[in-house]
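All figures in this text were calculated on a predicted structure; none of them were measured in a lab. We use all heavy atoms of the structure for the numbers below, so side chains are in, but hydrogens, waters and symmetry mates are not. Whatever order the structure lists ligands and atoms in, that order sets their numbers, starting from 1. For the single chain, residues carry numbers from 1 onward in sequence order.
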Amino acid sequence: MIMTDPLVARMREFGTTIFAEMSALAVRTGAVNLGQGFPDTDGPPEMLDAAARALREGHNQYPPGPGIPELRAAIAGHQKRFWGLDYDPDGEILVTAGATEAIAASLLALCEPGDEVVCFEPYYDSYAAGIALAGAVRRPVTLRPGPDGRYAFDADELRAAFGPRTRLVLLNSPHNPTGKVFDRDELTLIASLCQEYDVPAVTDEVYEHVVFSDATVPHIPLATLPGMRSRTLRISSAGKTFSCTGWKVGWVSGPAPLVSAVTRVKQFLTYVNAGPLQPAVAVALGLGDEYYAGFTADLQAKRDLLAGGLVDAGFTIQRSEGTYFITADITPLGGRDGIEFCRALPDIAGVVAVPTQVFYDDKDAGRHLVRFTFCKRPEVLTEAATRLRDATFPR
Ligand SMILES: *Cc1c(COP(=O)(O)O)cnc(C)c1O
């Protein structure tokens, strides 16, 4: 009994993540890995130097529970500077082990077993597991590609997802994997439902600085909408903005009672994290506007490079208005099932992608879609584009 399946029932639906399978496939076949979204270049040198200094200068013990004061001040300053949001570094900001821990700790802090979490699918892979760990139930609302190439949801479907058991809304915008940036009308509907049902929102904004110049809308933090600051836990992280996904330095900001609840859980998950990296992230957050503008422009050029390659290869692509990702429809290439397609793609074309159906409860909605990342060096993207264009897809 102990050895047959020791795993708790609520976690059994979660196997090895698709990223592990696809990355192993990339290594085994020598394929270009456009599966997992991690950059292949380093972040700002000022940040790396500050981390090296902190290591050498003895910042190697437990930092304060909520994070070092200079990082919390930098997080507050950054949100004021870019979004006009005011947070008190003492009590309204908590540093976490990446956005992932902030999300898990928020769910564990706020959900009783059986509570429902409204989220959008395809969802980021840790959401479903985090909700399950809390004993809560996910109520996904499906994002579908519209005729304009943007993903959208049905307003009635969102309304129907709310009910007496709704405990919170978990929103990711800019959205991984679709590249969707939620617009003001969509956010206004979400905000009004949060208020009608008197529930908090947890927002995952790790791509807050990855919205492209041709996007329909700029990034709008949900907390900036009327009545929402007081009920929103706003989550971000250094990983995506400063190309240091291995550092796992994230943070959550919100009204003191909500942040205090998350802190209560975080202190028993990891207690504290990333001591010597915290001063370095404080330096990075304070970089000038040219860093942020350059970072976004660089990714936009990379997006265009990959988008051109995918179209040349025969995929139909959806608009990517932000994030590190483009989703593509495999139907024009004779594909029907994204999992089969992605398992065969390294042999057919020498490229690895990720099937997005694994991020849906409604598998049919995502069966024909796969996700490519473009946060790679131009020569890597060019090589992938060439391989895809030259590949012969079995029809
Ligand atoms: C990468 C990512 C995260 C995880 O961020 P970490 O800081 O690495 O934990 C969370 N949400 C989304 C949507 C992501 O793409």
**Report entry** Test item: side-chain donor near acceptor, S253 and E92, under 3.5 Å
**Finding:** no

Report task. Could you check atom 13 (C) of ligand 1 against the protein and tell me its nearest heavy-atom contact, residue, atom and distance included? Result -> D204 OD2, 3.3 Å

Query raised in the report: Just how far is it from atom CG of L168 to atom CG of L171, taken to the nearest 0.5 Å?
Result: 11.5 Å

Query raised in the report: What residue and atom, counting heavy atoms only, is the protein's closest point to atom 7 (O) of ligand 1, and at what distance?
Result: S237 OG, 2.6 Å

**Report entry** Residues E112 and R167 bridged, charged N to O under 4.0 Å
**Finding:** no

Requested in this report: Please identify which atoms of ligand 1 are closer than 4.0 Å to at least one heavy atom of K240.
Outcome: 1 (C), 2 (C), 3 (C), 14 (C), 15 (O)

Query raised in the report: Using heavy atoms and a threshold below 4.0 Å, how should the contact between K248 and ligand 1 be classified: side chain, backbone, both, or neither?
Result: side chain

**Report entry** Heavy-atom nearest neighbour in the protein, as seen from atom 15 (O) of ligand 1, with distance rounded to 0.1 Å
**Finding:** Y207 OH, 2.7 Å

Requested in this report: May I ask you to check whether T100 has an N/O atom sitting below 3.5 Å from an N/O atom of ligand 1?
Outcome: yes

Report task. Check the side chains of T216 and E321 for a donor-acceptor pair under 3.5 angstrom, ignoring hydrogens and angles. Result -> yes

Query raised in the report: Do D361 and Y123 have side-chain atoms, one donor and one acceptor, less than 3.5 Å apart?
Result: yes

Query - Where ligand 1 meets N172 - atom numbers and elements under 4.0 angstrom, heavy-atom basis - result: 13 (C)

Query raised in the report: Would D298 and K302 pass as an ion pair if we require N to O under 4.0 Å?
Result: yes

Report summary line: atom 5 (O) of ligand 1 sits nearest the protein heavy atom A99 CB, 3.5 Å

Query raised in the report: Is there a nitrogen or oxygen of N176 sitting under 3.5 Å from a nitrogen or oxygen of ligand 1?
Result: yes

Report task. Examine the proximity of ligand 1 to Y324 and report which part, side chain or backbone, both or neither, has a heavy atom under 4.0 Å away. Result -> neither

**Report entry** Aromatic contact, H219 with F82 (centres under 6.0 Å)
**Finding:** no

